[in-house]
Amino acid sequence: MAVTELGWTGVPLAMFAGAIRVSTPFLFVSLGECLTEKSGRVNLGLEGTLVFGAMSAYAIAYLTGSPWLGVLVAGIAGSCFGAIHGFISKLPKVNDVALGIALMMFGTGSAFFLGKSFIQPQAPHLPSIDFGFWTSIPQLKVALQINPLFFVGLAIAIAMSWMFRTTRIGLIVRMTGDSSATALAMGYSVDRVRLLATTVGGFLAGVGGSFLSLYYPGAWNEGLSSGQGLMAVALVIFARWSPMMCFWAALLFGAAGAIGPALQSIGISQGYHFFNAAPYILTLVIMIVSISPKRSLRGAPGELSITR
Amino acid sequence: MTDKTMPAVGLETVGMTKIFGSLVALEDASIRVAPGTMHALLGENGAGKSTLVKCIMGFYQPTRGKIIVDGVEEIVRNPRDAMKLKLGMVYQHFTLVPSLTAAENLVISRPDCPSIVNWTAELANLEAFLDRMPFKVPLRTPVSSLSAGEKQKLEILKQLYLDRRFLILDEPTSVLTPGEADEILGLLRDMTRAGELTILMITHKFREVNAYCDEVSVLRRGKYVGSGKVSDLTTDEMAHMMIGDTKLRERSARVEQGADRTVLELSALFASDDEGLPAIASVDLKVKAGEIVGIAGVSGNGQSELVEVLSGQRDLDDGRIFINGQPFEPTRQHMDKFKVFGLPEEPLKNATAPRLSVAENMAMRSFDKPPISQNGWWLSPRPMKAKARELIAQYRVKTPGPDTPIQNLSGGNVQRAVLARELSGDVEVLIVANPCFGLDFASVADIRAQIIEQRNSGAAVLLVSEDLDEILELSDRVAVMSEGHITYVSPIGETDRNTIGHAMAGGH
C-alpha cells in the first residue's frame with residue numbers, strides 16, 4: 001500500500017503537511033485576536049466569527065462558483081461581527097468578555113441557521129500551489145500542496161510586526177492598548193482605534209473560517225470549527241502578543257492537531273481520539289504553564305480586562 | 001514684555017476663578033511667572049493648585065479670569081491651544097506608554113509623527129536632541145524597565161522635545177531619591193537661568209523651594225494668599241502662608257518605653273514581584289514593644305511587597321516571621337491570635353470591600369465572634385451596627401450613616417474607618433504603610449497621633465512610608481530599603497536626613 005511505504009518517516013512528514021494545513025485558520029484568528037488585544041480589547045466572539053465565516057464562504061462559493069469571492073465575503077461578514085463587538089463594547093458598562101461570549105453564540109447560531117441548506121451541496125475548493133512538482137514520492141507531493149492563504153497569513157504576520165514597530169498606526173494601537181489615558185491625552189479616540197482594530201481582527205477571523213470550509217477539512221457542517229476560535233485566543237497569550245510568535249504558535253497547534261491523522265495514516269489507530277485531542281491538551285498545558293499566582297503576564301497590553 | 005530675546009515663555013493669570021456647582025475650587029488667583037524663572041506653587045491638598053494649572057492647560061474653563069502669555073491675553077480652550085502657546089505639563093503620575101521604548105514614546109507624542117517611521121533617521125535625530133539636553137535616558141529600552149528617575153527625566157524630555165517652553169511640574173520629585181531630585185531640579189534651574197525655559201512647580205517640599213526656586217506663590221483653600229521672592233521669605237513664613245494659623249506639628253509626645261522585648265522579628269525574608277523577579281531579599285528586622293520602626297525608601301524598592309507579605313497578600317519565597325518568638329503565618333487565625341493589625345496603603349483597595357457598608361467593613365475583624373456572630377454562624381446586624389456607631393463617633397468618621405457603602409466616603413474618612421476597625425482592640429503588632437498619603441492636614445495629625453498612641457501603649461509598629469518627613473517625625477528607629485534590601489538601620493537620634501537620603505539612593 002502506498003501510504004505505508006514511508007513507514008515511520010511518514011509521521012513527521014504528515015505532521016509537517018498537517019501543521020501547515022491545520023495551522024492556517026489558527027494563524028488568521030490569532031492574528032485577528034492579536035490586533036484586537038493589542039488595542040486593549042478582548043474579542044472572545046471570534047469563534048462565532050470563524051464559524052460564520054466558514055458558512056458564508058461556503059455558501060457564496062457554492063452560489064457563485066468562485067471560492068475567492070467566498071473568502072472575501074467571509075472576511076466582510078467577519079468585519080461586521082468585529083464592528084458589532086467594537087461598537088457595543090464602547091457603550092458604558094459593557095464588559096467585552098461577556099459580549100464576546102454572546103457574539104460567539106450569535107455567530108455560531110446564525111451560521112447553523114442560515115447554513116442548513118448548504119450542508120449537502122459541494123462548493124468549489126480553493127486551489128493550492130503545487131510545490132511538489134520536483135518529487136515523485138506521493139506523500140511528499142501531497143505535503144507540498146500548500147494553500148496560498150497560508151502564505152497570505154505569513155505575510156500578514158510579518159506586516160503586522162512591521163506595523164507595530166515602524167508605523168504611526170501601529171504605535172497608536174499599542175499605545176491605546178497599553179495606556180488609554182495617554183492615548184486620550186494625545187487626542188486619539190481610544191474607542192475608535194479599538195473599533196477599527198476589532199473590525200480588522202474580525203475580518204481576519206472570517207477569512208480563517210473560509211479556509212475551514214473551502215480547503216481543509218473542506219466542507220460545511222456544524223462541527224467544523226470545534227473550538228479553534230477559542231484556542232486561538234489561548235494561542236495569542238502563549239505568543240505573548242507578538243504576531244510572528246503567533247505564526248510559530250499556530251504551526252505548533254497545527255502540528256499537534258495533525259498527530260492523530262498522521263499516526264492513523266501509518267496504521268496506528270490506537271489512542272486515535274486521544275491524539276486528536278492533542279490541541280486541546282496543549283491549550284490546557286499552555287494555560288497552566290503561562291499562568292502563575294505570583295506574577296502577571298509579561299508583555300500583556302496594560303488595558304486588557306482579562307489581565308488587569 | 002514682548003521682547004523675545006529668550007525662548008522661555010512667561011505667563012500670568014489674572015483673577016482666575018473656577019466654580020463647580022456650589023463649590024468654589026479657586027477664587028481670584030493672580031500669579032505671575034516671569035520668563036526664565038523657576039516658580040514654586042505651594043499649597044495643601046485641596047488648596048486649588050491643580051485646579052489652577054488645569055485652567056492654564058485648558059482642561060478646565062475658568063469661570064472668570066484671564067491668562068496672559070508673554071504679555072498677550074490668550075484664551076486656552078483645550079490642551080491643544082495650550083500646546084500651541086508652548087505650554088506643557090508633567091503630571092504626577094507618568095503618562096508614558098510602558099511597553100513602548102523611550103524613542104517610540106517621544107516620536108509618537110509628536111503631532112507631526114510620520115505615518116511610516118524611519119527609525120534610523122529618527123534615532124539619529126533623537127541622539128542629536130539628547131546631546132543638546134542635560135538629561136540622558138536610554139532610548140531603546142521599554143519605559144516599563146526604566147527607573148522612576150529615568151521616567152521622570154523622560155517626561156520632562158518629552159516636553160522639551162515638543163518644544164514646550166513653559167513647563168508645569170506637578171510634584172516632580174515625589175518618586176525620586178533626594179539625589180535624583182537634586183540632579184533633575186539643578187539641571188532644570190540651569191536651563192531656566194539660561195532663558196531656555198520657564199518652570200512652574202507644584203510642591204510641598206520647602207527644601208526644594210529654598211534650594212531651587214526663584215519665586216513662590218501660595219494658595220490656601222482655593223484662595224490666592226500671596227507670592228514673593230524665595231530669597232525674601234523664610235520657611236516659616238511660607239509655611240504660615242500655606243497653612244494659615246494652624247501650627248506646624250512638632251515631634252509628637254512619646255512615652256519612653258523601658259521594656260526591651262522584641263515582638264516582631266523578620267528573618268531572612270525573600271519574595272518576588274508580579275513579574276516573578278526578586279522584590280525583597282534577605283530582609284532581617286526586629287521591632288520591639290513600644291517602638292516605631294520606620295522604613296524609608298524610594299517607592300518601588302520592595303516596600304509594598306514587604307507590606308503585602310506581612311498582610312498575607314503575597315507569598316513568601318523564603319524566610320520566616322516570628323512574633324514573640326513564635327512562628328507567624330499571615331492568616332486570619334494567626335493575626336487574631338497574635339493581635340496583628342494593619343493599615344495598608346490605598347485602604348479603599350487593600351483594606352475594605354468598597355461596596356459593603358461602613359458597618360460591615362468595620363466588622364471585618366470581629367464578625368465571626370460574639371456578639372456579632374451567634375453560635376458561630378448566625379450574623380446579627382444589630383450589635384454590628386451598634387459597634388459601628390460607637391466607632392464612627394469615637395474616631396470621628398464623617399459618614400451619612402453605618403449603612404452607607406464605604407466607597408462613598410472621602411479618602412480621609414475611609415482611612416479613619418479602617419483605623420477604627422484596626423485599633424479599637426488590643427494591638428500587639430501594627431503594620432502601617434503610607435498612612436497619610438493624600439490626606440489633609442487635620443486628618444494627618446489625627447492619624448499620626450493614633451499611631452503614636454498605639455506605640456505608647458506598647459505595640460510594636462512597623463511604619464513604611466515614602467514621606468521622609470513622616471518617618472523622621474514618627475519613628476524611634478529608621479531602616480532604609482533599597483532594591484529589596486534593608487541597607488541601613490539607625491536609631492532616629494543618631495542619623496539625619498542626608499544620611500538617610502544617601503542610603504535611599506543606594507549608597508551604604
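Labels below follow one simple rule: chain letters A, B, ... track the order of the sequence lines, proteins then strands, and each chain is numbered from 1.
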Parallel, tilted or perpendicular for A:Phe253 and A:Phe238, by the 30°/60° rule?
tilted
Of all of B:Asn78, B:Leu96, B:Ile116, B:Asn118, which one pairs up most often with chain A through heavy atoms under 4.5 Å apart?
B:Ile116
Leading residue by heavy atom contact count with chain A [cutoff under 4.5 Å; candidates B:Arg80, B:Met83, B:Glu104]:
B:Glu104
Quick test of your reading of the model: are B:Asp81 and B:Lys84 salt-bridged, counting only N-O distances below 4.0 Å?
yes
At their closest point, which heavy atom of A:Phe28 faces which heavy atom of A:Leu204, and how far apart are they?
CB-O, 3.4 Å
Heavy-atom proximity to chain A below 4.5 Å, by part of B:Pro114:
backbone
Step through it carefully: locate the ring centre of A:Phe211, locate the ring centre of A:Phe150, and say whether they are under 6.0 Å apart.
no
